[in-house]
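Chain naming here is simple, since letters A, B, ... match the order of the sequence lines and numbering starts at 1 in each.
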Amino acid sequence: MPEKPDYKATLNLPRTSFPMKANLAQAEPATLKRWQSQGMADAVAKAREAAPAFVFHDGPPYANGSIHVGHLLNKVLKDFVVRTAIMEGRRCHYIPGWDCHGLPIEHRVMTGLVESGKAAKLETLSADHRRMAIRRECAAYAEKFIKTQAVQMQRLLTLADYDHPYYTMQPEYEAGTLEVFAVLLERGFVFRQLKPVHWSIANRTALAEAELEYEDRVDPSIFVDCEACDRERVNAAFSTQCECTPSFMIWTTTPWTLPANLAIAVHPREQYALCEMDGALTVIAASLVEKVAKVVGAESVSVKAHALGSALVGLEYRHPLCDRLGRIVAAEYVTMEDGTGLVHTAPGHGEDDYRTGLREGLPIYCPVKDDGTFDETAPEWLHGKDVWAGNVLVIERLKSSGHLVHALQFTHSYPHDWRSRTPVIFRATEQWFIGVDRPGNHGGSSLRTMALEVVNSSVKFFPEWGRNRLRGMLDSRPDWCISRQRSWGLPIPAFSLPDGTAFMTSASVRAVAKCIKTAGSDAWFTMSPAQLLADYDLAADPAAPDGLDLSTLTKMHDIFDVWFEAGSSWNSVMRARSLGYPSALYLEGSDQHRGWFQLSLLPALGVTGQAPFEALVTHGFLVDKDGRKMAKSLGNALEVDTLLKDFGAEVARWWVSSVSYDGDIRIDLDFFRVAGDSYRKVRNTLRFLLSNLFDAPAWSADEALKMALAAPRESLCGWLLGELSQLERDVRAAFAEYDFRRAHLAIFNFCNDTLSAGFCVAAKDRLYCDSADSPRRRHAQAAMRITMEVLCRLLAPFLPHTAEEAWMALRGEGAPLLFAQTHLGISRERDERWAAVRAAVASVTKALEVAKEMGIDNPLDAGVTVPDPQGVLAPFLPELADLCGISQVTLDRAGASVVVRDLRTDESAQRCDRSWRRDGTVKRRADGGLLSDRDAAVVGV
RNA sequence: GCGCCAGUAGCUCAGUUGGCUAGAGCACACCGCUGAUAACGGUGAGGUCGAUGGUUCGAGUCCAUUCUGGCGCACCA
């Protein structure tokens, strides 16, 4: 028996250097290094030099700590935007930024200084020197983490101008921020007003929430009667005819704030009772009568009448300590849990009281000085006494005047200064504000009006509900308090006049800005007022007060709210660097509706009258796989380093592209495994295409496209081209709407279904067994080449490393830069007849499944007859066997269902030794092998 | 407590203006291939659409209430 010829060597089997295993954790850092050394960012910029710009602007993350998965999500989504814009042929100069100033850093630095004992030494320095010492530490801290984060962000394969980033602490940036401020000042949006803040008496400074420690403290708790002014109006409110004058009973744990009492707040929809308590007529919340009676030890109580809180509003009472009247006001925050349901209101000593005071037009009265003692506006028996002594004196006074109903000791949690561990007080101080309801003096509307207008009409929102959310927040936001009493920040360049009033005009701000632009904001702490105002021309400043003597000025020491700095980036970065204004897009987490989105919008409208962004994209927050928020303290936080080590940046990016980012995003290691599987599927599909192009002619992309389009529409290649063209359109449309998930799914399904399960399986026979240069094979190769060209471009935004790796495998040495390419824009309409063909293939597959049970395991052993009553399948007949993965197909216009034949029992359908197919032409050839006509011809026997 | 958002197969998600036996991918199970091979192909099972009530001939889809979770705000004299 002659030895059977081995035909394997005569086949065109696939070959490629593109590895099946991506090995991303090692390969990505190498790619990154190559990009950096060959100046990828510059090369891309150069390729798009003359292209129309896509203006995209980075919201600055805070320069604190390592990046977490939230940064990963945000930065990767932004990179998708950048890279999709570039692949669309746009110029996208993307500048990464960092927010550097602010309390979190200063707080950490201070904690470090306290722990190392250096803080005590600071106390010996002058105020400016102390501030400078702190600022130097803070700047070093910020720089350190900027460096760390920049490396980590680049490791995510993000494309940005990392050589020229922006920091809010850069001198030019600071000057740009002051420029925004100067215009707002000029237009009358800025004003100074009292506002209560947490105040440390020991350190004579305002404190932020983070600087407070809550500790238990024992304070006096007192019930005080405030006598009504007009008995008849009270009688009217309760529909009674009492002969005595009633009192309103209030409760407080800070008796020292009573001298600042200007009002009593009631809940408008709660019931209040007029009752007789041990002979005195008193008003208390109805639901609290019993409780209060018990606490104050009343012996007899009887309720005379009820009235709604709203009926009491407007009534007046005599202040129990001072010679003035107060009035009853309504407030929603009044509760029935403690006290009397009538809340002592001192707008200078409490946040709620303050807002109520503003609303009611009450003065923000604060008779307490920065050293914690009463000033001369307080009753004279309190002058010079501190507030804690004031507590005792007030109680004594109330007792002797008969206003004190009851006093007891009360233990509660009370805020303390974290450094001196002394109790803090709420004290009104002068702060700077940007008014949202002031019309401005340049004839425009208020910031709120302008903001609502652009949010309602011109700004685009992705997703759309962002509009609603931002609108709601703009509706309810109060004036913006932009001053902070700290060291680490951009100084508000205001000076103090001898009479204590503030001096600051747009011209003086611009003069200071000039210093800061060269010397940085440190200049404020190292230079004298005269030096800072060297460029200020008093005579030319109409806004300066009459008779101003510059030599009498001293520097004030408030700094800006960091949000004002970040909110000026459209000017400090985009306009200062001539990158274009407004931005096409801001993209941040949904928390930035309150933060950066809103606080960029307001200053920008005040200065330019235009929103700084044309569209807003928001993403949700990452939560764990059970939908719980992620936190280190909960132990459910994923480390970015772990992800990169175990999966690589591209699997992470592939995962990001797969999520629906509006709303919460669940994240778990398992999801990365899924993304990894899906990535591998795509990679293998690319590999199959590449490996079958090993001997393809050196077509240009145009030539390949022409070749592929020349294949008959009824051929496998004709079908693929239609699908490919559709894919390209779908993905680009999804990109345009920032719907990355839709793009991801379209690409994956194309690779998985159209290619892997469809085209690749069907094309194998011609690729492997046809003669190398048969037209059929070359058409297939041309189609595959074009498919690769398109896929590399479509994948590039998601998988820059893999897309480039495939691109170089495709184009070989000297391949042009992938990111200098643009989409091909293949125009080939889908041929609708293919729907019928795909349906026929599906019915054959089904039939084969049944045939398996009859023993036909291998589809190549099957021949099939397919019904084709309308004759639509006829033109596709030459491709049907390959499409079904079987050996023979015949069509039957009279057939009703698919009929499967077992070709193993058919003498005329032997198996070809080379192609393994039973196409009916197989016979013994000269070399002793069983070959079909096609294979015999290829082998040459 | 207030505003915005989400709740559909084990997991991630589609379900357009109310009209289907509620779909897809993954995972899973089973089968095939062994010339994409630590690959590839096929088939299959899986859901009372968070809960309750209502509008309607008809609701995953509209309305009300409620539960769970997320973001932001407020949180007490």
With sequence neighbours left out, write down each residue that passes salt bridge (charged side-chain N to carboxylate O under 4.0 Å, His left out) with [X], or none if nothing qualifies.
X: A:R673; answer: A:D670
X: A:D668; answer: none
X: A:D765; answer: A:R776, A:R917, A:R934

Check the interface with nucleotides 20-30 of chain B: list each N/O to N/O pair with the protein under 3.5 Å, or write none.
residue	atom	partner	partner atom	Å
B:C26	OP1	A:N752	ND2	3.4

Show the distances under 3.5 angstrom between N or O atoms of the protein and N or O atoms of nucleotides 32-35 of chain B.
residue	atom	partner	partner atom	Å
B:G32	O2'	A:D857	O	3.1
B:G35	N1	A:R914	O	2.8
B:G35	N2	A:R914	O	3.3

### Distance test, side-chain N/O of A:S756 to OP1/OP2 of B:A36, below 4.0 Å
no
### Task
May I ask you to verify if any side-chain N or O of A:K21 is less than 4.0 angstrom from the OP1 or OP2 atom of B:A39?
no
### Strand-adjacent residues in residues 248-261 of chain A, judged by heavy atoms under 4.0 Å from RNA chain B
A:W251, A:T252, A:T253, A:T254
### Query
Given pairs defined as Watson-Crick or G-U wobble with both distances under 3.5 Å, what dot-bracket annotation applies to RNA chain B, with ( ) intrastrand, [ ] crossing, | other strand and . unpaired?
(((((((..((((.....[...)))).(((((.......))))).....(((((..]....))))))))))))....
For residues 847-862 of chain A, tabulate all N or O donor-acceptor pairs below 3.5 Å that involve a side-chain atom, not counting sequence neighbours.
residue	atom	partner	partner atom	Å
A:N858	OD1	A:L860	N	2.9
A:D861	OD1	A:R918	NE	3.0
A:D861	OD1	A:R918	NH2	3.3

### Message
Tell me every residue that passes side chain to side chain donor-acceptor pair (under 3.5 Å) with A:T282, counting only those two or more places apart in sequence or in another chain.
### Response
none
### Summary
Across all chains, not counting sequence neighbours, the side chain to side chain donor-acceptor pair (under 3.5 Å) partners of A:D662 are none
### Task
Confirm from the modelled atom types if A:R594 and B:C71 form a donor-acceptor pair under 3.5 Å, side chain to base only.
no
### Message
To the closest 0.5 Å, what do you measure between CD1 (A:I665) and CG (A:D624)?
### Response
13.5 Å
Less than 3.5 Å apart, which donor and acceptor atoms pair up between the side chains of residues 746-759 of chain A and the rest of the protein, not counting sequence neighbours?
residue	atom	partner	partner atom	Å
A:N749	ND2	A:L745	O	3.2
A:N752	OD1	A:K681	NZ	3.2
A:S756	OG	A:K681	NZ	3.2

### Task
Any side-chain hydrogen bond (donor to acceptor under 3.5 Å, both in side chains) involving residues 683-695 of chain A? Give me the pairs, sequence neighbours left out, ordered by first then second residue.
A:Y679-A:R683, A:R683-A:E805, A:D695-A:R777, A:D695-A:Q781
